[in-house]
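In what follows, a single structure is set out as structure tokens and then discussed.
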Amino acid sequence: MLDATLATAATDDGLTLSLRIENAGSTPVTLDFRTGQRAEFTAYPADEKDIDTGGEGADTGREDTDWEDTDREGADPVWRYGANRMFTQALGSETVAPGEAVAYEATWRGPPSGTYRVVGEATATDRDVRAAAVVTVA
């Protein structure tokens with residue numbers, strides 16, 4: 001069983017995103033990839049149910065555990081990590097041992113001000129591993 005979390009951190013030039021995938025099971029899990037891209041990060045405009053009303057508009061990095069609804073109909077992405085990037089065209093795999101984790105990172109440089117629902121997902125062919133977080137950029 002794979003568990004995923006998405007952490008966000010504001011930096012001087014944007015947002016650093018880190019997708020951490022942990023093997024919570026008792027047997028090794030192999031992630032198979034078609035290219036050198038290991039994760040995709042996508043930012044969508046946040047809607048009212050996403051926004052954390054408990055704080056002010058700094059990088060909340062609030063993890064959203066209800067990620068089943070990450071690709072909302074009609075919601076165009078504001079940013080996508082893999083857009084306009086080239087990745088090696090080679091098959092690859094990574095095995096995650098029980099109790100161990102892998103992490104994939106990206107930086108969203110110069111995001112516009114606003115509140116976003118950011119989704120991080122492994123690009124593995126045989127696994128649906130993703131996590132989401134809501135972040136506010138001042």
Side-chain angles (χ1 to χ4, degrees):
M1 178 175 128
L2 297 174
D3 291 330
T5 55
L6 179 63
T8 64
T11 63
D12 289 340
D13 64 343
L15 286 174
T16 299
L17 310 168
S18 179
L19 177 65
R20 184 176 188 276
I21 300 169
E22 181 178 356
N23 181 354
S26 59
T27 59
V29 174
T30 300
L31 302 173
D32 294 312
F33 301 94
R34 290 188 182 133
T35 70
Q37 183 180 16
R38 298 298 190 244
E40 179 66 278
F41 298 90
T42 308
Y44 299 93
D47 63 22
E48 291 301 316
K49 78 176 194 174
D50 293 326
I51 298 172
D52 181 10
T53 57
E56 276 194 31
D59 172 16
T60 63
R62 183 174 62 88
E63 184 179 341
D64 185 345
T65 56
D66 181 24
W67 53 265
E68 292 293 335
D69 187 25
T70 54
D71 296 322
R72 300 198 171 127
E73 274 186 46
D76 290 329
V78 175
W79 173 82
R80 194 178 291 273
Y81 171 73
N84 301 318
R85 292 181 188 268
M86 298 170 80
F87 299 94
T88 57
Q89 298 299 302
L91 298 175
S93 65
E94 292 187 41
T95 300
V96 186
E100 299 212 350
V102 293
Y104 306 109
E105 294 189 355
T107 299
W108 181 11
R109 300 196 189 286
S113 297
T115 301
Y116 304 96
R117 178 183 176 90
V118 180
V119 178
E121 57 190 313
T123 58
T125 58
D126 55 345
R127 305 282 178 189
D128 186 19
V129 184
R130 63 173 76 182
V134 174
V135 63
T136 299
V137 178

TODO: Please list, chain by chain and in numerical order, all residues satisfying salt bridge (Lys or Arg N to Asp or Glu O under 4.0 Å) with Arg127, sequence neighbours excluded.
DONE: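 None.
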
Task: Check: Leu31 and Leu2 side chains under 4.5 Å, non-hydrogen atoms - done: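 Side chain of Leu2 against side chain of Leu31, heavy atoms only: contact under 4.5 Å found.
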
Task: Student check: side-chain heavy atoms of Val137 and Leu15 closer than 4.5 Å - done: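 Yes - at least one pair of side-chain heavy atoms lies under 4.5 Å apart.
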
TODO: Tell me, please, which residues at least two apart from Trp79 pass ring pair (Phe, Tyr, Trp, His ring centres under 6.0 Å).
DONE: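 Expected list: Trp108.
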
TODO: Mind jotting down which residue pairs meet the side chain to side chain donor-acceptor pair (under 3.5 Å) criterion with at least one end in residues 92-105? Sequence neighbours excluded, please.
DONE: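 Listed once each, the pairs are Thr30-Thr95, Arg38-Glu94, Glu94-Tyr104.
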
- [ ] May I have all residue pairs that pass side chain to side chain donor-acceptor pair (under 3.5 Å) and include part of residues 80-92, sequence neighbours excluded?
- [x]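 Every side chain to side chain donor-acceptor pair (under 3.5 Å) pair that includes a residue of residues 80-92, provided the two are not neighbours, is Thr42-Arg80.
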
Task: Summary of ring-ring contact (aromatic ring centres under 6.0 Å, His included) pairs that have at least one residue in residues 21-40, sequence neighbours excluded - done: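 Listed once each, the pairs would be none.
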
Nearest heavy-atom pair of [X] and [Y]: which atoms, and what distance?
X: Ala43; Y: Tyr116; answer: CB-CB, 4.5 Å
X: Pro98; Y: Gly25; answer: CB-O, 3.3 Å
X: Leu19; Y: Ala122; answer: CD2-N, 3.7 Å
X: Leu6; Y: Gly120; answer: CD2-N, 3.8 Å
X: Asp3; Y: Ala24; answer: OD2-CB, 3.4 Å

TODO: Give a yes or no on whether the backbone of Phe87 and the side-chain of Thr35 come within a donor-acceptor separation of less than 3.5 Å.
DONE: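 No, because the side chain of Thr35 does not come within donor-acceptor range (under 3.5 Å) of the backbone of Phe87.
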
TODO: Determine yes or no for a side-chain-to-main-chain donor-acceptor pair under 3.5 angstrom, with Asp32 supplying the side chain and Thr125 the backbone.
DONE: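 Flag not set: sc Asp32 to bb Thr125 has no pair under 3.5 Å.
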
TODO: Start with the C-alpha gap between Leu17 and Val118, add the side-chain angles, then the distance that decides, and say whether side-chain contact (heavy atoms from CB on, under 4.5 Å) holds.
DONE: CA-CA 9 Å; Leu17 310 168; Val118 180; 4.0 Å; yes

Task: salt bridge (charged side-chain N to carboxylate O under 4.0 Å, His left out) pairs, two or more places apart, involving residues 12-31 - done: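 For residues 12-31, and leaving out neighbouring residues, the salt bridge (charged side-chain N to carboxylate O under 4.0 Å, His left out) pairs sorted by first residue read Asp13-Arg109, Arg20-Glu22.
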
